[in-house]
> 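Encoded as structure tokens, here's the structure I'll be asking about.
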Amino acid sequence: MKIARFSRLGFILAAAGSAVGLGNIWKFPYIAGEYGGGAFVLIYLITVLLIGFSIMIAEMLIGYLGRKDGVSSFEDLAPKHKNLWKFGGFQGLAGLFIMIFYSVVIGWIFHYIVTSLTYLPSNVEEAEKIFNTMLNTDIFTQLFYHTLAFIWITYVLTKGIKGGIEKMNLVLMPTLMLILIGMFTYATTLDTFGRAVEFMFAPDWTKIDSNTFVVAVGHAFFTLSLGMGAIMTYSASMQKDSNLVTNAFWIVFLDTSIAIVAGLMLFTFLYQYGSGPAQGPGLVFISLPAAFYEMGIIGNIFAVLFFVALGFAGLTSSVSLVEPMVQYFINRFNWSRLKSSITMGLFFYSLGVIALLSNVDGYKEALTWNGKSFFDWVDYITASIMLPLGGLVMAVFIGFVVEKQRVESILRPQLGWAFDAWYFSLRYITPVAMFIVMLSLMEIL
Ligand code: PFF
């Protein structure tokens, strides 16, 4: 099968679209809040630069050299033990699993876009009640918007790399950035902006322990879309003479700046109108709507724009979560794109319904094991086990399995003197760090 190519800008926006997702706008601000702000942000930034950037280049290289779906790329690039190494490509399954809860959250966002048009809760207690009612009792609303998310995502996938994924990213990503920049600019005019900056950047070292480090590394993986083949699959459609290092730089840069802009903006609003930064996962669905309420009518406009931006971020990430497996079935089983997209869509959709029900009273008990609902289990298994494991496999694959001279011929001209440092860190530092993170994450969560 011939894989379609992205345009140069199309690739960067699609890969950045994959990276910039719920992780940046929903998760980053609340974990930064939970883990004490500045010190966490600093560790996260260092991890992104040292580990994230280097694995991003490795993952890109597998796709760029392999030029096929993940499984075939791994197979083709392994000089020996092809049958063993092809399992590396099955990391794409992690994406389908992530989609099980990701699409449910996108459904919530759609619902919030609609309700914020006319109504915002007047305080945090009310906001919490509204959110919990939706989560625990309102099957119909959740199902309706979950279905909408499924249709949107599957439709884009049926249109393929150029006509679907690239096209959507070319529109949604610039819109998302404009919305965030607009709201951020407004936030800079408020008195509490300085407090938000201080919270995000002044490190309080007393708050740091090994847990902070582990969470920061785990999040760096999730937010950069590493370890499950999204970046690898997109890179198979990169233009032939592209510079991988520059591309990786842009993706990391856009992803990180958007997380920081979103964090500063949200904290400013929460200091100015709400209840401060440490809020947990309900931050954007509970504390934020209550803060928007305090702004008056502009709050409704901001709330809608904010949830639109969040929805766009989620949708552009979603297509990248499913595309690896869509390509696998097209390439290996000769399925049409239509058949493959719809089958993968139905897979995450139906399990998504179970994830959704696992938060609903009456179904919860049957769908909870060891204190975690099905929804939480999927999140836990993907983020804590599958992504770090995938990253580890990719680092080892490029570091030890693919012939060095093949790697070097492409990357030495692009990395220059830094090639040796990169290669060394990929072989020895990253795998050890990933292994430790994986073990600790499994214990902590
Ligand atoms: N990077 C996305 C986010 O921050 O929400 C999530 C994600 C997308 C993870 C694609 C992994 C992936 F392959």
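For the single chain, residues carry numbers from 1 onward in sequence order.
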> Which heavy-atom pair separates Ala4 from Ser237 by the least distance, and what is that distance?
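Taking every non-hydrogen atom into account, O-OG, 2.8 Å.
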> How many angstroms lie between atom CG of Leu254 and atom CE of Met177, to the nearest 0.5 angstrom?
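If I round to the nearest 0.5 Å, the distance is 5.0 Å.
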> When the ring centroid of Phe302 is compared with that of Phe306, is the distance short of 6.0 Å?
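Ring centres of Phe306 and Phe302 not closer than 6.0 Å.
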> How long is the gap from CG on Leu321 to CE on Met344, to the nearest 0.5 Å?
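CE of Met344 is found 14.0 Å from CG of Leu321.
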> Check the pair Phe419, Trp422 against ring-ring contact (aromatic ring centres under 6.0 Å, His included), reporting the backbone distance first and the verdict last.
CA-CA 5 Å; Phe419 175 82; Trp422 170 79; 5.8 Å; yes
> Can you name the closest pair of heavy atoms from Asn169 and Gly17 and give their distance?
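Taking every non-hydrogen atom into account, OD1-CA, 3.6 Å.
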> Which residue, Val20, Asn24, Ile258, Thr256, forms the side chain to side chain contact (heavy atoms under 4.5 Å, CB included) with Thr223?
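Testing Thr223 for a side chain to side chain contact (heavy atoms under 4.5 Å, CB included) against Val20, Asn24, Ile258, Thr256 leaves exactly one candidate, Asn24.
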> Run the numbers on Phe193 and Phe184 for ring-ring contact (aromatic ring centres under 6.0 Å, His included), then give the verdict.
CA-CA 10 Å; Phe193 183 70; Phe184 176 75; 5.7 Å; yes
> Measure from NZ or CZ of Arg195 to the centre of the six-membered ring of Phe267, then state whether that distance is under 6.0 Å and the direction lies within 45° of the axis.
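Not flagged: Arg195 not positioned over aromatic ring of Phe267.
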> Would a line drawn from the ring center of Tyr155 to the ring center of Trp152 be shorter than 6.0 Å?
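Centroid distance Tyr155-Trp152: not below 6.0 Å, so no.
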> State, with a plain yes or no, whether a side-chain heavy atom of Met434 is found less than 4.5 Å away from one of Phe221.
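Yes, their side chains come closer than 4.5 Å.
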> For a 4.5 angstrom cut-off between non-hydrogen side-chain atoms, does Phe11 reach Asn247?
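Of all side-chain heavy-atom pairs linking Asn247 with Phe11, at least one is under 4.5 Å.
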> At their closest point, which heavy atom of Ile51 faces which heavy atom of Ala433, and how far apart are they?
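Taking every non-hydrogen atom into account, CD1-CB, 3.8 Å.
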> Does one side chain, of Glu166 or Ser7, offer a donor that lies under 3.5 Å from an acceptor on the other?
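There is such a pair between these side chains.
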> For the CD atom on Gln239, are there more than 12 heavy atoms of other groups (residues, nucleotides or ligands in this structure) within a distance under 6.0 Å?
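Enclosed.
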> Taking Arg337's backbone N and O only, do any of them form a donor-acceptor pair with Ser340's side chain (distance below 3.5 Å, no angle check)?
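Flag not set: sc Ser340 to bb Arg337 has no pair under 3.5 Å.
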> Just wondering, are more than 12 heavy atoms of other shown residues or ligands nearer than 6.0 Å to CZ in Phe400?
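Count over threshold, so yes.
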> Should the ring pair Tyr44 and His219 be called parallel, tilted or perpendicular, given that the plane angle runs from 0 to 90° and is split at 30 and 60?
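It falls in the tilted class, 30° to 60°.
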> Can you tell me how far apart CD1 (Ile381) and CE (Met386) are? Round to the nearest 0.5 Å.
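These two atoms lie 8.5 Å from each other.
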> Has the side chain of Ser336 got a donor or acceptor atom that lies under 3.5 Å from a matching backbone atom of Lys339?
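Checking the backbone N and O of Lys339 against the side chain of Ser336, a donor-acceptor pair under 3.5 Å is found.
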> Mind listing the closest non-hydrogen atom pair of Val304 and Ile113 along with its distance?
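That would be CG2-O, 4.0 Å.
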> Heavy atoms, side chains only, cut-off 4.5 Å: are His111 and Met134 in contact?
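Side chain of His111 against side chain of Met134, heavy atoms only: contact under 4.5 Å found.
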> Run Phe312 and Met168 through side-chain contact (heavy atoms from CB on, under 4.5 Å) and show every step you take.
CA-CA 9 Å; Phe312 283 4; Met168 173 170 87; over 6 Å; no
> Please report the interatomic distance CG(Leu315) to CG(Leu22), rounded to the nearest 0.5 Å.
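Interatomic distance, Leu315 CG to Leu22 CG, rounded to 0.5 Å: 9.0 Å.
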> Which label fits Phe28 and Phe40: parallel for a plane angle under 30°, tilted from 30 to 60°, or perpendicular past 60°?
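Judged by the thresholds at 30° and 60°, the geometry between Phe28 and Phe40 is tilted.
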> Are Lys86 and Asp69 close enough for a salt bridge, meaning some N to O gap below 4.0 Å?
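Judged by the 4.0 Å cut-off on N to carboxylate O distance, Lys86 and Asp69 do not form a salt bridge.
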> Please examine the side chains of Val105 and Phe375, heavy atoms only from C-beta on, and report whether any two atoms are closer than 4.5 Å.
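SC-SC contact between Phe375 and Val105 confirmed.
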> Looking only at atom types and distance, does a side-chain atom of His146 sit under 3.5 Å from a main-chain N or O of Tyr349, one as donor and one as acceptor?
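Judged by distance alone, yes, a pair lies under 3.5 Å.
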> Evaluate the ring planes of Phe307 and Phe285, with Trp represented by its six-membered ring, and classify them as parallel (under 30°), tilted (30 to 60°) or perpendicular (over 60°).
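Answer is parallel, since the angle falls under 30°.
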> What distance do Gln327 atom CD and Lys68 atom NZ have between them, rounded to the nearest 0.5 Å?
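The CD atom of Gln327 sits 12.0 Å away from the NZ atom of Lys68.
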> Would you say the side-chain atoms of Gln142 pair up with the backbone N or O of Val104, donor to acceptor, closer than 3.5 Å?
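Between the backbone of Val104 and the side chain of Gln142 there is no qualifying donor-acceptor contact (under 3.5 Å).
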> Whether the side chain of Thr154 engages the backbone of Ser341 through a donor-acceptor N/O pair (distance < 3.5 Å, no angle test) should be reported.
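Pair absent, no side-chain N/O of Thr154 close to backbone of Ser341.
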> Determine the interplanar angle of the Tyr273 and Phe269 rings, folded into 0 to 90°, and report it as parallel if under 30°, tilted if 30 to 60°, perpendicular if over 60°.
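Tyr273 vs Phe269 ring planes: tilted.
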> List the steps and the verdict of side-chain contact (heavy atoms from CB on, under 4.5 Å) for Leu283 and Leu270.
CA-CA 9 Å; Leu283 192 140; Leu270 290 174; 3.9 Å; yes
> With a 6.0 Å cut-off (strictly less than), is the heavy-atom count around CZ of Phe150, excluding the residue itself, greater than 12?
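It does: Phe150 CZ has more than 12 such atoms within range.
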> Between Phe90 and Tyr328, is the ring centre distance below 6.0 Å?
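Ring centres of Tyr328 and Phe90 closer than 6.0 Å.
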> Looking at Thr430 and Ser425, would you say the former's side chain and the latter's main chain have a donor-acceptor pair under 3.5 Å?
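Side chain of Thr430 to backbone of Ser425, a donor-acceptor pair under 3.5 Å: yes, one is there.
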> Provide the closest heavy-atom pair for Phe6 versus Lys162 in the form atom of the first, atom of the second, distance.
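Distance-wise, the nearest heavy atoms are C-NZ, 4.1 Å.
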> Run the ring-centre check on Trp250 versus Phe253 and record whether the distance is less than 6.0 Å.
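For Trp250 and Phe253, the ring centres are under 6.0 Å apart.
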> Between CG of Leu170 and OG1 of Thr316, what distance do you get to the nearest 0.5 Å?
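Reported value, rounded in 0.5 Å steps: 11.5 Å.
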> State, to 0.1 Å, how close Ala94 and Leu387 come at their nearest heavy-atom pair, and which atoms those are.
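In this case the closest contact between Ala94 and Leu387 is CB-CD2, 4.4 Å.
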